[in-house]
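Atom set for the values below is all heavy atoms of this structure, side chains included, hydrogens, waters and symmetry mates excluded.
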Amino acid sequence: PAVTAPAKVTELVDSIRQYITDKDTDWVNGSLLVSSMNYSAGYMALDIWPTYRCLHTDIGDMSDSKTRLLLFIHSYMQIAGITYVRPVQFFNDTENEGGEQQGKLVV
């Protein structure tokens with residue numbers, strides 16, 4: 001993969017946070033963390049944990065929101081010249097105490 005400047009990674013994280021904030025009808029909040037870095041292979045794993053606002057029974061709406069978020073991330077990364085080392089692996093949804101969906105997107 002191509003080398004990505006740290007500033008671009010920071011911009012990616014900030015833009016994902018802003019997207020989640022702006023889409024407050026879909027998402028309550030979102031946590032992002034770098035869960036691992038592999039210097040020899042030249043990649044890092046960014047875990048994205050958005051909290052879906054609606055009830056877990058709204059599977060169609062949740063899937064639509066998740067798709068829009070993933071497309072936003074994909075488009076942003078393409079425009080910024082950030083390459084995927086591996087595609088999104090899973091979306092593991094769980095319900096928090098307030099009945100809202102939480103999930104983990106691995107990009």
### Message
Return the CG to CZ distance between Asp64 and Arg68, rounded to the nearest 0.5 Å.
### Response
5.5 Å
### Message
Looking only at side-chain N and O atoms, does Gln18 offer a donor or acceptor that is under 3.5 Å from a partner on Asp22?
### Response
yes
### Task
Please report the C-alpha distance between Leu32 and Asp47 in whole Å, then the side-chain angles of each, then the deciding distance to 0.1 Å, and finally whether the side-chain contact (heavy atoms from CB on, under 4.5 Å) criterion is met.
CA-CA 6 Å; Leu32 291 90; Asp47 291 352; over 6 Å; no
### Interatomic distance, Arg17 atom CZ to Leu12 atom CG [nearest 0.5 angstrom]
10.5 Å
### Task
For Lys8 and Ala80, indicate whether the former's side chain and the latter's backbone hold a donor-acceptor pair under 3.5 Å.
yes
### Query
Between Ile73 and Tyr19, is a side-chain contact (heavy atoms from CB on, under 4.5 Å) present by the stated rule, with each step listed?
CA-CA 9 Å; Ile73 293 168; Tyr19 178 90; over 6 Å; no
### Query
Shortest non-hydrogen contact from Pro50 to Leu69?
CG-CD2, 4.0 Å
### Query
Between CD of Glu11 and OH of Tyr76, what distance do you get to the nearest 0.5 Å?
4.5 Å
## Note on the structure
When every non-hydrogen atom of Val28 is compared with those of Arg53, the smallest separation belongs to CG2-CA, 3.7 Å
### Message
Which label fits Trp27 and Tyr52: parallel for a plane angle under 30°, tilted from 30 to 60°, or perpendicular past 60°?
### Response
perpendicular
### Message
So, taking the atom named CZ in Phe72 and the one named CD1 in Ile16, what distance separates them when rounded to the nearest 0.5 Å?
### Response
7.0 Å
## Note on the structure
Value for OG (Ser31) from CD1 (Ile48), rounded to nearest 0.5 Å, stands at 11.0 Å
### Query
Taking C-beta and beyond as the side chain, do Trp49 and Asn29 meet within less than 4.5 Å on heavy atoms?
no
## Note on the structure
When rounded to the nearest 0.5 Å, the distance separating CE of Met62 from CG of Asp26 is 11.5 Å
